[in-house]
Number of protein chains: 2
Amino acid sequence: MSTVDPQSVIHNTSWFIGGHTGSWRITAIEPVTGVGLPPANFLNITRGDIDGMEEGEWELRGVTSNLRYTERDERNELIRLQAETGRPEAICAALIPIKKSQAWWELAQDERRAIFETTSGHIKIGIQYLPAISRKLYHCHDLNEPFDFLTWFEFAPEYSEAFEEMVKKLRTTREWEYVTREVDIRLRRV
Amino acid sequence: MSTVDPQSVIHNTSWFIGGHTGSWRITAIEPVTGVGLPPANFLNITRGDIDGMEEGEWELRGVTSNLRYTERDERNELIRLQAETGRPEAICAALIPIKKSQAWWELAQDERRAIFETTSGHIKIGIQYLPAISRKLYHCHDLNEPFDFLTWFEFAPEYSEAFEEMVKKLRTTREWEYVTREVDIRLRRV
């Protein structure tokens with residue numbers, strides 16, 4: 001008996017393939033913490049099955065999933081303010097894969113929430129840049145992938161400075177002390 | 001470049017294969033909610049890669065992962081009281097795969113925690129049966145599997161009644177209103 005539902009595979013899993021084709025041109029791949037990723041010219045984002053597709057220089061996989069720390073009031077505020085990805089003016093993007101330490105994952109839920117929001121203000125910082133910078137989070141901690149999260153950001157060129165400011169703020173938080181690997185990939189829509 | 005670390009696959013993923021071989025004899029497979037699972041005589045529990053292994057009537061996969069709701073004090077209490085699986089006297093076991101509704105997964109973190117513990121006392125109920133009934137949780141919500149969780153319980157035969165009492169208590173909680181599929185598999189160590 002096949003216990004995997006192929007439809008759910010198609011709906012949940014997204015692949016980010018750095019290679020020779022794709023609708024986003026890679027302008028920079030910078031290692032922020034730990035080992036970087038090999039150079040590639042284009043990023044192909046695709047959902048579901050990649051069997052038979054052209055291989056990339058690297059392939060990263062993540063799933064959209066339930067909220068892990070966001071509380072009801074915060075979610076309402078996010079929904080009220082945020083913009084979807086895919087806006088025609090949002091031709092700049094960043095893909096930021098992150099891995100956190102074993103020490104992070106061994107914390108209890110309230111300890112992680114306290115660092116994530118009470119101390120570091122992760123959600124609060126993100127909200128300051130809405131709707132200009134839209135954001136989509138993919139989880140991969142349970143998928144045996146090299147990273148724990150892939151975060152995709154999209155914005156219009158006039159918000160490039162705001163974007164730099166936002167990532168700088170996040171990287172100085174206490175939460176970021178648990179980041180053991182981070183790569184910063186910048187892109188332009190083709 | 002291969003971005004998957006084969007070592008991490010080996011360490012994280014557990015397979016529960018219902019078939020003709022295994023160190024646990026299946027004594028019952030009962031559907032509790034929704035569709036059950038096909039009959040099988042033995043359960044083989046294995047970690048990592050199952051390529052080339054004998055196929056079963058069904059195969060369920062899960063990963064051990066970080067705590068999702070448990071807070072620091074609760075975790076300390078659990079660590080203080082709980083027993084590891086694999087005790088020689090614990091020859092009875094249950095494998096209970098569960099799927100929760102879309103409505104559950106769309107709740108914010110504080111809403112799920114409130115139902116899980118404040119209203120339903122999931123952790124509190126489990127603690128009452130420690131160390132007699134040991135428990136191990138495998139996550140599969142992000143793995144495109146037919147279930148969201150696989151919970152493995154082990155206990156000595158004299159705690160069989162206590163075990164029935166515990167699952168009965170859990171199944172009458174508000175949390176269980178979100179369970180859309182549940183199968184109850186009972187086993188004896190070979």
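Just so we're on the same page: letters track the sequence lines, and every chain starts at 1.
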Notebook entry, point to check: When rounded to the nearest 0.5 angstrom, what distance separates NZ in B/Lys100 from CG in A/Asn66?
Noted result: 10.0 Å

Note to self: Would you say that more than 12 heavy atoms from the other residues, nucleotides or ligands in this model lie under 6.0 Å from the CD of A/Glu84, or not?
What the structure shows: no

Notebook entry, point to check: Which one, A/Trp104, A/Trp105, A/Phe147, leads in non-hydrogen pairs under 4.5 Å with chain B?
Noted result: A/Trp105

Note to self: Please say yes or no: joined through hydrophobic side-chain contacts below 4.5 Å, possibly via intermediate residues, are B/Ile133 and B/Trp176 part of one cluster?
What the structure shows: yes

Notebook entry, point to check: Between A/Glu111 and chain B, which part of the residue has a heavy atom less than 4.5 Å away: side chain, backbone, both or neither?
Noted result: side chain

Check: Relative to chain B, which segment of A/Arg113 carries a heavy atom at a distance below 4.5 Å: side chain, backbone, both, or neither?
Finding: neither

Note to self: For a side-chain contact (heavy atoms from CB on, under 4.5 Å) check, start with the C-alpha distance between A/Glu74 and B/Asp110, then their side-chain angles and the critical distance, and finish with the verdict.
What the structure shows: CA-CA 10 Å; A/Glu74 293 158 347; B/Asp110 57 335; over 6 Å; no

Next item on the list: Determine, using the 4.5 Å side-chain heavy-atom cutoff (strictly less than), whether B/Phe155 and B/Ile185 are members of one ILVMFWY cluster.
Entry: no

Margin query: With a 6.0 Å cut-off (strictly less than), is the heavy-atom count around CZ of B/Phe149, excluding the residue itself, greater than 12?
Written below: yes

Notebook entry, point to check: Taking atom CD of B/Glu161 as the centre, does the number of heavy atoms from other residues, nucleotides or ligands within less than 6.0 Å exceed 12?
Noted result: no

Next item on the list: Evaluate the side-chain proximity of B/Val63 to A/His141: yes if any heavy-atom separation is below 4.5 Å, no if none is.
Entry: no

Checklist line | Atom group of A/Arg72 that falls short of 4.5 Å from chain B, counting heavy atoms | finding: both

Notebook entry, point to check: Do B/Leu150 and B/Trp58 share a hydrophobic cluster, counting only Ile, Leu, Val, Met, Phe, Trp and Tyr and linking them when any side-chain heavy atoms are less than 4.5 Å apart?
Noted result: yes

Next item on the list: Step through the shown structure and confirm whether more than 12 heavy atoms of other residues, nucleotides or ligands are within 6.0 Å of CZ on A/Phe163.
Entry: yes

Note to self: Using every non-hydrogen atom in the two residues, find where A/Arg68 and B/Arg68 come nearest and quote the distance to one decimal.
What the structure shows: NH2-NH2, 3.9 Å

Note to self: To the closest 0.5 Å, what do you measure between CG (A/Asn12) and CG (B/Asp142)?
What the structure shows: 7.5 Å

